[in-house]
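Below is one structure, written out as structure tokens, with a few remarks after it.
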Amino acid sequence: MFEDELDKLERLNLLRSLKIIDTAQSSRVTINGREVILLSSNNYLGLANHPKLKKAAIEAVKEYGVGSGASRLISGNMRLHEELEERIARFKKTESALIFNSGYTANTGIIPAIVGEGDVIFSDELNHASIIDGCRLSKAEIKVYPHKDVNFLEDILKKENRTNKRLIITDSVFSMDGDIAPLLELYRIAERYSAMLMVDEAHATGVLGDSGRGAVEYLGLEGKRIIQMGTLSKALGCFGGYIAGEKNLIRYLVNRARSFIYTTSLPPSVVASAIAAFDVIEEDPSIIRRLWRNRRLYVEGLKNLDMDIGETETPIVPIMVSKPDEAVVFAESLFERGIYAPAIRPPTVPSGKSRIRTTITAEHTEEDIKEALSIIEEVIKGI
Ligand code: PMP
């Protein structure tokens with residue numbers, strides 16, 4: 001049975017396999033014994049191998065060991081977990097925060113806890129899979145609106161006359177396209193129609209806003225009633241997910257979010273390194289400016305090459321290819337010449353929208369970027 005399914009995926013050029021990285025996450029990594037420019041990591045600020053984060057993890061292992069031993073509500077709630085939550089709330093300027101074991105489990109825990117049968121979710125068509133799964137688990141009715149189409153959203157909300165809970169949910173930076181959600185309009189609509197607004201700041205935290213607080217900071221929406229979810233695994237370089245919001249929401253989730261309640265808490269080393277990540281960003285926000293300088297350089301280069309990079313506004317820069325087989329050939333040619341950026345195909349992106357999802361980080365040097373651009377140019381000329 002599995003063989004048939006795998007053969008089918010292979011025939012459609014949709015079979016995925018794993019590449020093994022032999023070195024630490026950085027702007028260049030070794031794969032199959034070859035050094036390549038890494039152009040697909042979400043380690044936007046280069047913190048995944050940062051000495052301060054590593055030191056914090058090592059010290060936490062020495063003092064607290066490697067495992068937390070139980071879930072938070074049993075005996076796995078260590079002082080470090082509480083400290084990280086205080087840091088997240090302070091960083092996000094919210095009353096309170098709660099950590100989850102990943103961004104994925106945050107979305108699949110939070111959404112079914114705050115809405116359920118009889119409620120309605122309004123979800124952007126390009127929302128991340130973890131949001132989609134959270135929506136499905138909730139048993140609420142799901143109304144998917146066209147990407148960023150606030151007029152469409154308002155129309156369907158207008159027609160919705162049930163009195164039950166409504167939730168508008170969106171990525172703030174869309175993970176495969178790198179564009180930014182119209183949060184101000186979404187916030188106004190949420191207020192007008194008494195809906196909750198939840199944003200997934202996975203690719204915005206540490207990236208958008210002068211201090212890296214995310215799209216909510218970037219768009220001047222701090223202090224508004226917005227449920228902010230995010231991850232510690234991308235720009236913060238570590239692992240884990242979080243939600244930041246009002247105190248009572250957090251207290252409620254401690255009692256109701258199944259992916260929070262029924263799992264062992266994050267290991268102390270991971271938590272300690274995440275705290276150190278906030279230290280680094282707060283002490284030296286210039287790394288965020290470096291990320292944006294690199295992004296400018298890279299995008300200008302791609303535009304000079306006449307590449308179709310969609311509507312990106314962030315360090316996520318898709319190179320649109322369309323068919324899955326073309327995307328695979330493109331990715332292979334890039335790899336042969338020294339860039340690792342895999343093909344992204346359905347079901348991760350809609351059919352006809354296969355692409356190479358490239359990302360730029362603060363760690364890339366000017367030389368890395370120039371070399372990457374010249375490899376991309378060679379590949380497009382050769383295809
Ligand atoms: N939300 C979005 C928008 C994401 O891109 C991702 C990760 N790909 C997640 C949530 C899940 O986060 P994590 O990797 O921490 O599980």
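Counting starts at 1 for both ligands and their atoms, in listed order. The first residue in the sequence is number 1, and the count goes up from there. Reckoned from all heavy atoms, side chains included, excluding hydrogens, waters and symmetry mates. The shown structure was predicted, so the numbers you read here are calculated from the model rather than taken from an experiment.
Cation-pi contact between Arg166 and Tyr193: absent, since separation from the ring centre below 6.0 Å together with deviation from the ring axis within 45° is not met.
The pair Lys55-Glu59 counts as a salt bridge, with a side-chain nitrogen and a carboxylate oxygen less than 4.0 angstrom apart. Under 4.0 Å is where a charged nitrogen must lie from a carboxylate oxygen, and between Lys370 and Glu366 at least one such pair does.
Closest to atom 12 (O) of ligand 1 among all protein heavy atoms lies Gly103 CA, 3.3 Å. For atom 9 (C) of ligand 1, the closest heavy atom belonging to the protein is His128 CE1, 3.5 Å. The nearest protein atom to atom 8 (N) of ligand 1, hydrogens excluded, is given as Lys234 NZ, 3.0 Å; this is a heavy-atom distance. Scanning all protein heavy atoms for the shortest distance to atom 5 (O) of ligand 1 gives His203 NE2, 2.6 Å. For atom 1 (N) of ligand 1, the nearest non-hydrogen atom of the protein is Asp200 OD2, 2.6 Å.
Separation of the Phe91 and Phe278 ring centroids falls under the 6.0 Å cut-off.
Below 4.0 Å from some heavy atom of Ser130 lie the following atoms of ligand 1, by number and element: 1 (N), 10 (C). Of all the atoms in ligand 1, the ones that sit under 4.0 Å from a non-hydrogen atom of Ala202 are 1 (N), 2 (C), 3 (C), 4 (C).
Between Gly241 and ligand 1 there is no heavy-atom distance shorter than 4.0 Å.
Residues satisfying the side chain to side chain donor-acceptor pair (under 3.5 Å) test with Ser17, not counting sequence neighbours, are none. Residues passing the side chain to side chain donor-acceptor pair (under 3.5 Å) test with Lys353: none are found, sequence neighbours excluded.
Some N or O of Ser233 is nearer than 3.5 Å to an N or O of ligand 1, by distance alone.
Applying side chain to side chain donor-acceptor pair (under 3.5 Å) to Ser130 and the options Asp171, Thr108, Asn107, Thr231 leaves one that passes, Asn107.
For atom 11 (C) of ligand 1, the nearest non-hydrogen atom from the set Phe100, Phe174, Tyr104, Tyr242 comes from Tyr104.
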